[in-house]
Colleague: 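Below is one structure. I have some questions about it.
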Amino acid sequence: MIAEQVCAYLGLVLWSFQLAPQVWKSYRRKSTEGVSAFTMIIWAFSGCTLGAYNIGLGVAIPLWVQPQLFTFIAYMCLVQEWHYTNGLSTFKTLMSFIAVVLASGAFEVGYLYGFWAAQDHGNENAVRFFGVFPVVTIIVGFVPQFWTIFVKRKIEGVSYLFLFMDCCGSIFSSVSLGLRSEVDALTIVNYTSIAVLDVGVYLASTLLPRFFDAYKQDRQNHDEETSSEDMQSHTEGEVPAMEKKQSQVEKTRLEETPPASQVGKGTDIEHNLHTI
């Protein structure tokens with residue numbers, strides 16, 4: 001169907017190159033702060049498995065190419081982390097990139113042949129596993145990014161254009177799969193989950209900082225009120241204590257001073273003794 005092919009190509013362009021803005025932003029900033037390296041590793045691995053699964057299913061050609069480009073650019077994001085954050089030299093970074101790409105290619109070929117073997121033997125459970133695995137891994141890949149946002153209490157370094165392209169590419173890919181004569185629910189769930197989680201990352205990046213700022217302000221106001229109340233009660237408690245102390249001093253002074261009658265009587269006695 002033409003509609004299937006059109007949506008597939010739109011999904012190809014958007015979903016395949018979604019990480020390109022992230023690569024450019026990290027290159028321009030010379031930093032990958034805020035971008036989770038674990039997310040990129042998991043996504044690259046998931047792209048390998050999804051690419052093999054799509055080829056095995058015989059879906060539209062753009063959906064064959066799409067995961068390959070996605071994995072390739074995810075590895076670019078990963079080696080940027082090694083270069084900018086871990087201080088790996090340019091040569092070592094390039095060699096590492098070539099090594100992981102070749103290793104992923106070998107893994108994907110083996111994964112694809114495993115899928116075909118499961119199909120040939122009619123092993124439905126194995127075929128289902130090959131479809132479920134990419135879904136699980138790509139969803140799990142969002143966890144480190146959400147954790148990074150939660151720990152830092154802000155999103156820093158992540159491209160919003162990347163999130164937008166990822167979300168739209170996933171939607172078009174889901175529509176393309178839905179227009180096929182044989183609908184594969186697992187792959188549709190995969191792309192739909194990605195779109196939902198992209199929206200979740202955006203909301204977390206915009207709402208969490210406000211939540212934490214409001215929480216911090218409430219705690220600060222509460223601490224100030226508590227401190228003011230403690231100071232006031234301390235001041236009020238000092239006044240009776242001072243009055244009590246003054247009362248005790250006055251009482252002691254009165255006890256030490258003899259009454260006026262006794263003073264006069266003592267004076268008369270001294271006068272009589274002097275006369276004698």
Side-chain angles (χ1 to χ4, degrees), residues 1 3-19 38-75 78 100-101 103-146 165-201:
M1 293 177 62
E4 176 191 354
Q5 293 294 328
V6 170
C7 289
Y9 277 106
L10 287 172
L12 168 66
V13 173
L14 291 169
W15 207 77
S16 300
F17 297 100
Q18 58 177 289
L19 286 173
F38 290 107
T39 291
M40 295 305 161
I41 293 173
I42 297 171
W43 279 356
F45 181 71
S46 177
C48 292
T49 58
L50 180 61
Y53 183 69
N54 285 352
I55 293 172
L57 285 178
V59 297
I61 298 297
L63 296 183
W64 293 18
V65 180
Q66 182 193 85
Q68 320 304 330
L69 293 174
F70 172 75
T71 300
F72 185 83
I73 302 176
Y75 279 134
L78 178 62
V100 294
V101 168
S104 294
F107 171 80
E108 185 172 346
V109 170
Y111 194 91
L112 177 59
Y113 274 100
F115 177 80
W116 281 337
Q119 278 186 327
D120 292 340
H121 289 82
N123 191 336
E124 294 298 327
N125 291 331
V127 171
R128 192 175 297 111
F129 167 80
F130 282 105
V132 170
F133 193 73
V135 178
V136 173
T137 52
I138 205 161
I139 291 174
V140 170
F142 277 90
V143 174
Q145 190 61 62
F146 275 107
M165 292 175 66
D166 189 22
C167 183
C168 292
S170 299
I171 292 172
F172 281 117
S173 298
S174 298
V175 173
S176 172
L177 290 167
L179 293 174
R180 294 184 68 221
S181 56
E182 295 181 4
V183 177
D184 183 70
L186 286 175
T187 311
I188 293 177
V189 168
N190 185 17
Y191 286 114
T192 305
S193 300
I194 294 170
V196 172
L197 289 170
D198 282 329
V199 174
V201 170

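Only a predicted model underlies this, so the values are computations on that prediction, with no experimental measurement involved. Heavy atoms only: backbone and side chains are in, while hydrogens, waters and symmetry mates are out.
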Colleague: Nearest 0.5 Å please: distance from the CG atom of L197 over to the OG1 atom of T192.
Modeller: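 OG1 of T192 is found 11.0 Å from CG of L197.
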
Colleague: Answer whether the closest heavy-atom distance between the side chains of S104 and Y75 falls below 4.5 Å.
Modeller: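 Yes, side chains in contact.
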
Colleague: Around F115, counting heavy atoms of other residues, nucleotides and ligands shown, do more than 12 lie under 6.0 Å from its CZ?
Modeller: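 For F115, atom CZ is crowded (more than 12 foreign heavy atoms under 6.0 Å).
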
Colleague: Run the side-chain donor-acceptor check on residues 117-130: report pairs under 3.5 Å with partners two or more places apart or on a different chain.
Modeller:
{"residue": "H121", "atom": "ND1", "partner": "A117", "partner atom": "O", "Å": "2.8"}
{"residue": "N123", "atom": "OD1", "partner": "N125", "partner atom": "N", "Å": "3.4"}
{"residue": "N123", "atom": "OD1", "partner": "A126", "partner atom": "N", "Å": "3.2"}
{"residue": "N125", "atom": "OD1", "partner": "R128", "partner atom": "NH1", "Å": "3.1"}

Colleague: Please tabulate, for side-chain N and O atoms in residues 56-64, each donor-acceptor pair with protein atoms closer than 3.5 Å (sequence neighbours left out).
Modeller:
{"residue": "W64", "atom": "NE1", "partner": "V59", "partner atom": "O", "Å": "2.9"}

Colleague: Give me the ring orientation class for F70 and W43: parallel if the planes are under 30° apart, tilted from 30 to 60°, perpendicular past 60°.
Modeller: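 Tilted, since the angle between the ring planes falls between 30° and 60°.
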
Colleague: Looking at OG1 of T49 and CD1 of I138, how far apart are the two atoms once the value is rounded to the nearest 0.5 Å?
Modeller: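 These two atoms lie 8.0 Å from each other.
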
Colleague: For a quick test of reading the model, state the closest non-hydrogen atom pair linking D198 to C167 and the distance between them.
Modeller: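 Looking at all heavy atoms of both residues, the closest pair is OD2-N, 3.2 Å.
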
Colleague: Judged by atom type as modelled, is there a donor-acceptor pair below 3.5 Å linking the side chain of S46 to the main-chain atoms of P134?
Modeller: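 Judged by distance alone, yes, a pair lies under 3.5 Å.
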
Colleague: Can you name the closest pair of heavy atoms from I42 and T137 and give their distance?
Modeller: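 Of all heavy-atom pairs spanning I42 and T137, the closest is CG2-O, 3.0 Å.
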
Colleague: Under the side chain to side chain donor-acceptor pair (under 3.5 Å) rule, collect the residues that match up with T71, sequence neighbours excluded.
Modeller: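 Side chain to side chain donor-acceptor pair (under 3.5 Å) list for T71, sorted by chain: empty.
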
Colleague: Looking at SG of C168 and CG of L14, how far apart are the two atoms once the value is rounded to the nearest 0.5 Å?
Modeller: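 It comes to 6.0 Å.
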
Colleague: Taking all heavy atoms of Q68 and all of I55, pick out the closest pair and write down the distance.
Modeller: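 Closest approach of Q68 to I55, heavy atoms only: NE2-CD1, 4.1 Å.
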
Colleague: Donor-acceptor check, side chain of T39 to backbone of G141, threshold 3.5 angstrom: yes or no?
Modeller: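 Checked: pair present.
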
Colleague: Check this for me: F107, atom CZ, are more than 12 non-hydrogen atoms of other residues, nucleotides or ligands nearer than 6.0 Å?
Modeller: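 Yes, CZ of F107 has more than 12 neighbouring heavy atoms, counting only those of other groups under 6.0 Å.
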
